[in-house]
Every structure is written in structure tokens, then in C-alpha cells.
J.: 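The structure's right below; bear with me while I get my questions together.
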Amino acid sequence: MTIKTRFAPSPTGFLHVGGARTALYSWLYAKHNGGQFVLRIEDTDLERSTQEAIDAIIESMKWLKLNWDEGPYYQTKRFDRYNKLIDEMLADGRAYKCYCTKERLEKLREEQMKRGEKPCYDGHCRCSQEQHSPDEPYCVRFKNPTEGTVKFHDHIRGDVEISNRELDDLVIRRTDGTPTYNFCVVVDDYDMGITHVVRGEDHVNNTPRQINIYKALNAKVPEFAHVSMILGPDGAKLSKRHGAVSVMQYRDDGFLPEALLNYLVRLGWGHGDQELFSVQEMIDLFDLDTVSKSASAFDLNKLKWMNNHYIKTLDPEYVASHLEWHMKDQKIDYSKGPALSSIVKAYAERCSTLKEMAEQCRYVYEDFTELDEAASKKWFKANTPEVLTRCLEKFAAVSEENWKAENLHPVVESVAQEMEIGMGKVGMPLRIAVTGRGQSPGIDVTMELIGKSKCMERIERVRDMLAGAN
RNA sequence: AUUCCCAUCGUCUAGAGGCCUAGGACGAAACCCUCUCAAGGUUUAAACACGGGUUCGACUCCCGUUGGGAAUGCCA
């Protein structure tokens, strides 16, 4: 049997990291088993579904490189199919028309709550003999079995069993004629040949109802895996007030898809002591049956650590292609300076995000007027003009084409030696002069990146400024 | 209220009855390295929610308590 999984988000908002993890697990399971992965948009809620959300979900999936073999399918395009089945069920009594008004249902619920009962539809129209005129509005309810229990084996949770007495007759077609989610998923998963349904934990309670529908449709029941929730750092359900929740926000904040994927796969799953997984390793090693049952808290620090790891270890050209996005985002014109891959090489170890990297390397491409105050105060001494002057003299002797870190480093060293001061007393004033900041990559590589003419200009300017002040 | 689900360091996890004096990672602390900031290296602190069973033996199995979460929609 070919394994076929799907990811079926409802387009009511952006792709949440929780949804992304579910999609990843589903995708990995299919890939691991040489199966197929389907993307389906569950847009039966006409009120809340938006094209904007559909676009955002697709963009997120593409950014994460979670490619799908089929789809995207849209439930709204399959209404005829659902309604045909519902009509058939209506005809042979697997479903029935319900004329109950909202008011009656509300009252019923209130009374049940008051009595301390679980609010459930009472089956009023299931057995009613009332006559209704053809133009009276109605919805359609599924005739759920009243006896017995529903059992299923969940790949993550194990065996789950619930009594049919807990389940009421759910609405499968609204009064306005549109079918509802619990019915559509079943029909879709059946029609599309889904063998394994991997989805969020919030669907565990719906599963028994859906299994009953599968049976009513005489369809093969797929296997299930319900993935737990993702919590914020405070243990509450992860939401916007915790910071970034949408996949695109992580892109905007400077994360690499490789890092997000690795972080997400480890959040709820492990393979011994291994922390770092390439996508191929994930595919080879991932297993639904060992996914953690409990909810897990999102730890931004660990994601940052992983992001830094991938910034350092992935091909600099590749990382640069992502950095490019942030350079544009921050409106830094990088066309007249060093290649972005050389920025990646120099800044990788000191940046946990690409957004930071873009911010930090700005002075390589643009001039600045302000110098970091704290750093200046700490490192600019009485002898600084002399230090800078000596550097300037020696740097002048280095040609443009020899303006390389390995040739610049000896200059700094020799100035320190000649003046009998530490490297820091030379390097730091230089760094501040050339970058305007108190921190940067090694002073030699930094100067190489900035280039000779700009370095000379900047050093001179600061030297003159300090000399003038004395 | 009812039903279902969950429970190992602050966080993510390893652990499928003896391998556990509970391992790793992030974070934290300390030290080393060092031209800054990082990165890197070494080290330290830090957990089996509680109570009963079962067993020669329980982090691991069972029951209960407590604490979280979800569902009970003509949302998905």
C-alpha cells in the first residue's frame, strides 16, 4: 500500500508554527515511506476563509520547501460531490433533516448545562413525525449510532476509545446548503486515498464522529496521528502575544528554513541524543510512533542557536541568497561592495539571525556619521591620534589589490609592537573609526570588506577629529 | 458539568522493569582562548508532580489524586 498523507489547513489566518510542524510531520512520514503528500485547503467556512490566507499558507509551504505531490485542492470546489453524498444519505436514512431553530437549540443547551449535563443535540428531529412544508429551512444531521463504542489506534496517542452515547447527531449540511467540516474531511480523505491522517490534537475528539461517517459511507477508515499543541514560553497556548507565530514572521525575523524545520522536528520528537538533522536525515529517521504525546513550549533561544548553526555551516552562497532578502528589506544597497557570501563568512559566528547580519554589516556598504559613544569613551585615549596616524602611514603602503586581511593583520601588529601597547589598543580605535561601532568581525577582515579607500577616509576623519579636540 | 488527552532539569528531549549515582541539547553560572563582540573549549548547578499497588526490583506497568490542555458549534 502506498502511503498518502495530507496537510489540510483552513485559510483563516497565516500558517502558524504549530501548523507548520504538523505539516512537516505529515510530509516526513510520506517521504520516509516513499509515499505521497497532498495539500488541501479546507475553506468550507465561507465567512472566515480569505484568499490572503491561502496565499500566505502556500508561500509558507514553499519557503519551508514542503513540496506537495497533489493539490492544492479546495473544498469549495467540491461542494457538488459532498451534496450528492448527503442527498444519498438523506434518501436512505443515514442522515435526516433537522428543522430545529437556533432558539430551540440554545435553550436546550442552556437547560442541559444547568442540569450539569454535557450539551448535546437531543435528536428531536431524528424521530419526529412533524410535517414540514417544502420551503421550510432545514439543515442535515448525521445519524450517529446510539450504541457501542468507537475505538481507534492513534500513532502518537495509542488506543483511544469513546462511547457512542457521548456523540450526538452532528450537522453535516448547514441551512444555507453548505456542507460542514466534519463531513468534508471524511469525504476528501476517502476520495483522495489518504492512508494516514496527521493533524492537530484538537481533532482527537472529532475522530470518533468521523469514523462513524466513514463507516456510514462504507469507506475504509484511515490511520490517525494527533500531534500535540505548541505552547508559549509561559505554558499557555502559543499566540501572537508571545511574539512571532506565523512562519512568514520567522522568515522576516531572519531565520533560515533549515533552522525552523530542524527546530520544529525536535520540538516533539527525538532520535537519541541527536539535535541537528538535515532534511534528508529527518526523512530517514522520522517516525510518527515516537512523537511525544505532551504539549511542548516554544523556545526562541534554541531556535536562534540552531539558526546560528545553519548560518555557520550551510553553503555561504546559499545563506547569502537569504541574506539578500534582508538587505533589500533593510534597504541597504549592496551592489557596490563585497559579495554577500563574503559577508556571511565574516559575520556568521556573531549573528543568530540574518536580520541581525544585515543590520551589522551596514557600514560595509554605507557611510555613517555617528560613532558609538560608549566604545569611543572606553577606547579613545590620548595616544589614539598617534596610533591612527601610524596605521594610516603603513596602510598607505598597502596597495588596493593587496588589501587583504592577511596583509592588514601584520600592520596592526607592528603598530602595537612599535608603540609597545596591546593589540586591543590599536584594534579597537581602528574598529571604531572604520565601523563606528564597538564590535565587528576581526579588524583585519572587516577592513578588507570595507575596502582601502573607505578605510583610509574613515580613519583619517576620526584621527583629525580627535587631534583637533586635543 | 461531562467526555477525551497529557505529566523527566527553567525549556526541548533520551529512557520501552535492573544498563539511572537519570544521559544529551538550549538557556544560566564559572574558567580558558582573545583586537571587540561572538564563536569555540573545559567545568558546574538543575528533573522522574504526588499517593497507592504489581514485582526480587519501577522513571518505566496498573489504579487513584493533583495539576494542565482539548472537545462538547449550522468554526475548522
Side-chain angles (χ1 to χ4, degrees), chain A residues 8-12 42-45 47-49 75 98 100 102 105 109 112-121 138-141 154 157-158 160-163 165-168 170-176 178-182 184-185 199-208 226 228-229 231 233 235-237 263 266-276 290 292-306 308 312 347-352 360 375 378-379 409 412-413 416 422-432 435 437-444 446:
Chain A
S10 58
T12 53
E42 308 217 321
D43 53 354
T44 51
D45 184 349
E47 301 265 309
R48 301 197 304 151
S49 299
Q75 292 188 321
C98 174
C100 292
K102 276 218 160 86
L105 261 19
R109 179 187 312 277
Q112 286 167 326
M113 293 281 254
K114 208 185 287 171
R115 269 182 272 139
E117 287 169 21
K118 176 174 173 168
C120 265
Y121 179 63
Y138 65 89
C139 69
V140 177
R141 286 184 185 271
D154 190 288
R157 262 141 238 290
V160 180
E161 180 174 2
I162 190 164
S163 166
R165 299 169 58 100
E166 297 296 329
L167 273 22
D168 62 357
L170 71 159
V171 172
I172 56 176
R173 181 159 73 200
R174 301 180 182 91
T175 307
D176 67 4
T178 56
T180 61
Y181 161 76
N182 274 304
C184 300
V185 249
R199 66 204 338 181
E201 177 185 46
D202 44 332
H203 291 282
V204 180
N205 290 281
N206 290 326
T207 306
H226 289 95
S228 62
M229 281 197 325
L231 274 18
K237 188 170 180 169
Y263 179 73
R266 278 289 290 112
L267 190 66
W269 176 78
H271 183 262
D273 286 343
Q274 189 170 348
E275 294 289 345
L276 272 4
T290 54
S292 162
K293 288 191 256 272
S294 50
S296 31
F298 197 90
D299 180 7
L300 190 62
N301 273 325
K302 189 161 182 181
L303 206 212
K304 282 185 174 173
W305 170 76
M306 279 186 175
N308 173 252
K312 285 186 296 189
Y347 290 79
E349 354 185 272
R350 32 185 61 75
C351 297
S352 58
Q360 283 188 33
K378 181 172 179 192
W379 293 98
H409 187 75
V412 179
E413 226 168 20
M423 281 281 282
K425 301 240 165 69
V426 182
M428 282 312 291
L430 266 182
R431 170 172 287 113
I432 298 164
T435 70
R437 302 186 179 204
Q439 60 259 36
S440 82
I443 187 61
D444 46 2
T446 304

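Just so you know, these numbers use all the heavy atoms, side chains as well, and skip hydrogens, waters and symmetry mates. Labels below follow one simple rule: chain letters A, B, ... track the order of the sequence lines, proteins then strands, and each chain is numbered from 1. Being a predicted model, the structure only gives us computed values, none of them experimental.
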J.: Could you work out the separation of B/rC26 and B/rG53 based on their C1' atoms and round it to a whole Å?
T.: 38 Å
J.: Would you indicate what A/Lys425 reaches in the nucleic acid, counting non-hydrogen atoms under 4.0 angstrom: base, sugar-phosphate, or nothing?
T.: nothing
J.: Distance between the P atoms of B/rU42 and B/rC33, in whole angstroms?
T.: 15 Å
J.: Have a look at A/Asn206 and say if it touches a base, only the backbone sugar-phosphate, or nothing, with a 4.0 Å heavy-atom cut-off.
T.: base
J.: Considering Watson-Crick and G-U wobble pairs with both distances under 3.5 Å, what does B/rG57 pair with?
T.: none
J.: Mind checking A/Asp444 for me? I need base, sugar-phosphate or nothing, with any heavy atom below 4.0 Å counting as a touch.
T.: base
J.: Please give the nucleotide sitting opposite B/rU34 as a Watson-Crick or G-U wobble pair, both distances under 3.5 Å, or none.
T.: none
J.: Looking for any heavy atom pair under 4.0 Å, which part of the strands does A/His226 touch: base, sugar-phosphate only, or nothing?
T.: nothing
J.: Tell me which nucleotide, if any, is Watson-Crick or G-U wobble paired with B/rC20 when both distances must be under 3.5 Å.
T.: none
J.: What contact category does A/Ser294 fall into here, base, sugar-phosphate, or nothing, at under 4.0 angstrom with non-hydrogen atoms?
T.: sugar-phosphate
J.: What pairs with A/Asp43 under salt bridge (Lys or Arg N to Asp or Glu O under 4.0 Å), at least two apart in sequence or on another chain?
T.: none
J.: Applying a 4.0 Å non-hydrogen cut-off, can you work out what A/Arg173 is touching in the nucleic acid: base, sugar-phosphate, or nothing?
T.: nothing
J.: Could you list the residues that satisfy side-chain contact (heavy atoms from CB on, under 4.5 Å) with A/Ser294, not counting sequence neighbours?
T.: A/Ser292
J.: Looking for any heavy atom pair under 4.0 Å, which part of the strands does A/Thr44 touch: base, sugar-phosphate only, or nothing?
T.: sugar-phosphate
J.: Please enumerate all residues that pass side chain to side chain donor-acceptor pair (under 3.5 Å) together with A/Tyr181, with sequence neighbours excluded.
T.: A/His203
J.: Identify whether any heavy atom of A/Met229 sits under 4.0 Å from a base atom; if not, whether one sits that close to sugar-phosphate; answer base, sugar-phosphate or nothing.
T.: sugar-phosphate
J.: In whole Å, measure the gap between the C1' atoms of B/rG51 and B/rC59 for me.
T.: 16 Å
J.: Taking the C1' atom in each of B/rU34 and B/rU44, what is the distance between them to the nearest angstrom?
T.: 23 Å
J.: Which value, in whole Å, describes the distance between the C1' atoms of nucleotides B/rG68 and B/rC31?
T.: 40 Å
J.: Counting the atoms with a prime plus P, OP1 and OP2 as sugar-phosphate, which does A/Leu267 contact under 4.0 Å by heavy atoms, base, sugar-phosphate, or nothing?
T.: sugar-phosphate
J.: Judged by each residue's nearest nucleotide on RNA chain B, which is more toward the 5′ side, A/Val204 or A/Ala295?
T.: A/Val204
J.: Test of understanding: with side chain to side chain donor-acceptor pair (under 3.5 Å), list the residues that count as partners of A/Gln274, not counting sequence neighbours.
T.: A/Glu281
J.: A/Gly268 near the nucleic acid: base, sugar-phosphate alone, or nothing, with a heavy-atom cut-off under 4.0 Å?
T.: sugar-phosphate
J.: Only pairs with both distances under 3.5 Å count, Watson-Crick or wobble alike; so what is the partner of B/rA28 in this structure?
T.: B/rU44
J.: Using the P atom on both, measure B/rU43 against B/rA7 and round to a whole Å.
T.: 33 Å
J.: Select base, sugar-phosphate, or nothing to describe what A/Arg157 touches, counting heavy atoms under 4.0 Å on all strands.
T.: sugar-phosphate
J.: How is A/Pro441 classified with respect to the nucleic acid when contacts are heavy atoms under 4.0 Å: base, sugar-phosphate, or nothing?
T.: base
J.: Tell me yes or no: between the side chains of A/Thr207 and A/Arg199, is some donor less than 3.5 Å from an acceptor?
T.: yes
J.: Can you tell me, in whole Å, how much space there is between the P of B/rG24 and that of B/rC9?
T.: 16 Å
J.: So, are A/Lys118 and A/Glu166 salt-bridged, with charged N and O less than 4.0 Å apart?
T.: yes
J.: First and last nucleotide of RNA chain B touching chain A, 5' to 3', heavy-atom cut-off 4.0 Å?
T.: B/rA1 to B/rA76
J.: Name the nucleic acid region contacted by A/Glu275, choosing base, sugar-phosphate or nothing; use a 4.0 angstrom heavy-atom cut-off, strictly under.
T.: base
J.: Given that both distances must come in under 3.5 Å, which nucleotide forms a Watson-Crick or G-U wobble pair with B/rU72?
T.: B/rA1
J.: With RNA chain B as reference, determine whether A/Trp305 or A/Pro119 sits nearer its 5' end, using the nearest nucleotide of each.
T.: A/Trp305
J.: Applying the Watson-Crick and G-U wobble criteria at under 3.5 Å, what pairs with B/rG67? Answer none if nothing qualifies.
T.: B/rC6
J.: Less than 3.5 Å apart, any donor N or O on the side chain of A/Arg174 or A/Thr178 sitting next to an acceptor on the other?
T.: yes
J.: Does A/Asp45 reach a base, just sugar-phosphate, or nothing at all? Heavy atoms under 4.0 Å.
T.: sugar-phosphate
J.: Going by salt bridge (Lys or Arg N to Asp or Glu O under 4.0 Å), name the residues that satisfy it together with A/Arg173, two or more places apart in sequence or in a different chain.
T.: A/Asp87
J.: One pair to check against side-chain hydrogen bond (donor to acceptor under 3.5 Å, both in side chains): A/His271 and A/Thr290. What are the steps and the verdict?
T.: CA-CA 9 Å; A/His271 183 262; A/Thr290 54; over 6 Å; no
J.: Using atom P of each nucleotide, how far apart are B/rC37 and B/rC6 to the nearest Å?
T.: 49 Å
